[in-house]
Amino acid sequence: MKAYEKDNSVILEEVADFDPKHIFECGQCFRWNKNEDGSFTGVAYGKILNIKKEGNKIYLNNTNLEDFNSIWFNYFDLGTNYTQIKNNLKNMDDYLLKATEFGWGIRILRQNGWEMLISFIISSNNRIPMIQRAIENLSKKYGKYLGEYKGKKYYAFPTPEELSKASQEEIRACQTGFRDKYIKSTTDRVIEENDDVTEYINLDTQTCVKELTKFNGVGPKVADCIALFGMRKYDTFPVDIWVKRVMQEFYVNEDMSLPKIRAYAINKFGDLSGFAQQYLFYYARELGIGR
DNA sequence: CACCAGGCACCTA
DNA sequence: TAGGTGCATGGT
């Protein structure tokens, strides 16, 4: 991979396994929006970025090499060889062969653990557009103003301190629905116990998931998502409605319980469980498998 | 207009 | 331990 700076952009050449649409629409993130020109604009780690693929070049606009090296290289997991991950998955069975070819450009973003905690609490029994809206509203009201990009204002996801200033009613007003009390409870707990959840990245997977489920509003599925997307626990397998459908379609019986599907998958996919989950989720949701 | 969404907490048996 | 139900909100 080559990376060089030009006109407030960083241009990447010879990047394998990278497609913005696959990355941003595979369900792992909620703050990236598609523009009319096909590019995506989003906020992560307090920075506004626009990203676009043209031919075999990736254009990261509104940034520089310094931020690329300190933030975006890690955020997009560019140090990981996804060709190898996909090859390992492809050899497991024909379903993964198809799913990895379909979502060939997926990368699991290295997102902030705190942001994932609140975001996936909001995700429960919710729809992706509504999750995005609620997170946007919370950021707009309680997050730091970052500036304008192409005429639109952008805000960072609120820190625990910032979010703790919101009452339950104010959180509800951000379209969080019945999850308002979970967000309030979780934020209060983090503040009271001075608990830096981003440090959970240092825990082993089982402990990490167990610790996360102590928060109100965090059950098995939400904890798995936070662990996978915010804490780099790749040997876990979040089972949501779509993953349940695709697993039942391809691998297990209709009556298998969610915990058993999870255990089955982790046993089958091992350290690559989280990657398998993303390829399968994207494949199932885009094609409407099992719906 | 029912029905459902990247589930969870809570209740019952 | 396992299984059923209510839940805010808005799209189909």
Side-chain angles (χ1 to χ4, degrees), chain A residues 22-33 99 103 106 108-109 111 113 115-138 141 166-189 209-231 233-234 236-250 253-263 265-266 273-291:
Chain A
H22 295 169
I23 291 169
F24 298 129
E25 295 182 356
C26 72
Q28 60 177 326
C29 54
F30 303 105
R31 300 211 64 199
W32 290 86
N33 295 312
I106 289 175
I108 298 188
L109 299 170
Q111 301 182 79
E115 181 174 339
M116 292 301 96
L117 173 58
I118 299 301
S119 296
F120 278 96
I121 285 175
I122 295 170
S123 79
S124 82
N125 196 33
N126 208 347
R127 290 173 196 252
I128 289 178
M130 298 230 0
I131 301 164
Q132 293 172 325
R133 187 186 310 174
I135 292 169
E136 187 60 31
N137 289 339
L138 286 175
K141 268 199 176 167
S167 68
Q168 186 177 322
E169 291 70 26
E170 288 168 329
I171 292 171
R172 170 74 68 98
C174 292
Q175 320 273 30
T176 54
F178 63 88
R179 310 156 195 87
D180 57 351
K181 53 188 175 295
Y182 303 150
I183 296 168
K184 183 65 185 159
S185 154
T186 294
T187 304
D188 286 349
R189 178 170 179 159
V209 168
K210 190 176 163 192
E211 288 295 309
L212 285 168
T213 48
K214 292 196 302 193
F215 292 106
N216 210 330
V218 179
K221 187 270 170 184
V222 167
D224 277 338
C225 282
I226 300 164
L228 174 58
F229 302 130
M231 289 146 195
K233 305 306 177 194
Y234 302 113
T236 191
F237 193 84
V239 182
D240 59 48
I241 182 70
W242 287 103
V243 173
K244 177 182 174 238
R245 284 169 181 159
V246 72
M247 288 300 287
Q248 287 176 341
E249 190 82 12
F250 297 152
N253 291 331
E254 286 282 328
D255 58 352
M256 188 180 277
S257 68
L258 298 184
K260 283 185 177 168
I261 294 176
R262 177 180 187 270
I266 291 173
S273 293
F275 300 100
Q277 195 269 5
Q278 276 303 276
Y279 291 115
L280 289 170
F281 174 88
Y282 184 65
Y283 187 61
R285 206 166 80 91
E286 292 293 310
L287 299 181
I289 288 173
R291 190 163 48 85

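Only this structure's heavy atoms are used, side chains among them; waters, hydrogens and symmetry mates stay out. Numbered from 1 within each chain, the chains take letters A, B, ... in sequence-line order.
Residue order along DNA chain B, read from the 5' end via each residue's closest nucleotide, puts A:R285 first among A:R285 and A:G217. Of the two residues near DNA chain B, A:F281 and A:F215, the one whose nearest nucleotide lies more 5' is A:F281.
Atom CE in A:M130 sits about 12 Å away from atom P in C:dT12, given to the nearest Å. What separates NZ of A:K181 from C1' of B:dC8 is a distance of 9 Å, to the nearest Å. With rounding to whole Å, A:K184 atom NZ is found 18 Å from C:dA8 atom P. What separates CG of A:N125 from C1' of C:dG10 is a distance of 12 Å, to the nearest Å. Atom CZ of A:R262 and atom C1' of B:dG7 are 15 Å apart (whole Å). The distance from atom NZ of A:K244 to atom C1' of B:dC4 is 13 Å, rounded to the nearest whole Å. Rounding to whole angstrom units, CD1 of residue A:I131 and P of B:dC4 are separated by 18 Å. In this structure, A:R291 atom CZ and C:dT12 atom P are separated by 11 Å, rounded to whole Å.
The base of B:dC8 lies outside donor-acceptor range of the side chain of A:R179, with no N or O pair under 3.5 Å.
Within the 4.0 angstrom heavy-atom criterion, no nucleotide atom of any strand lies near A:V239. A:C26 comes within 4.0 angstrom of a base, heavy atoms only. As judged by a 4.0 angstrom heavy-atom cut-off over every strand, A:P129 is placed among residues making no nucleic acid contact. Nucleic acid contact for A:N216: sugar-phosphate only, since backbone atoms but no base atoms lie under 4.0 Å from a heavy atom of the residue. Using a 4.0 Å heavy-atom distance criterion, A:Q277 is classed as a base contact.
At C:dG10, one or more side-chain N or O atoms of A:Q175 fall inside 4.0 Å of OP1 or OP2 (strictly under the cut-off).
Atom P of B:dC11 sits at a distance of 15 Å from the matching atom of C:dA8, rounded to the whole Å.
Relative to the side chain of A:R133, the nucleotides B:dC8, C:dG11, C:dT9 differ in distance, and C:dG11 lies closest. Nearest nucleotide to the A:R172 side chain, out of C:dG11, C:dT9, B:dC8: C:dT9. Distances were taken from every side-chain heavy atom of A:R127 (C-beta onward) to each of C:dG11, B:dC8, C:dC7; the shortest belongs to C:dG11. Which of C:dT9, B:dA5, C:dA8 sits closest to the side chain of A:I241 comes down to B:dA5. The side chain of A:F178 has B:dG7 as its nearest neighbour among B:dG7, C:dG10, B:dC8.
Between the side chain of A:T186 and the main chain of A:I183, no donor-acceptor pair closer than 3.5 Å is present. Between the A:R285 side chain and the A:W242 main chain, no donor and acceptor come within less than 3.5 Å of each other. When atom types are taken as modelled, the side chain of A:K244 and the backbone of A:S257 share no donor-acceptor pair closer than 3.5 angstrom.
Classification of A:E211 and A:K214 as a salt-bridged pair holds, one side-chain N sitting under 4.0 Å from a carboxylate O.
In summary, the aromatic rings of A:F30 and A:F120 are positioned with their centroids under 6.0 Å apart.
Under the Watson-Crick or G-U wobble criterion, with both distances below 3.5 Å, B:dC1 has no partner in any strand shown.
Rounded to the nearest 0.5 angstrom, A:I131 CD1 and A:N126 CG are separated by 5.0 Å.
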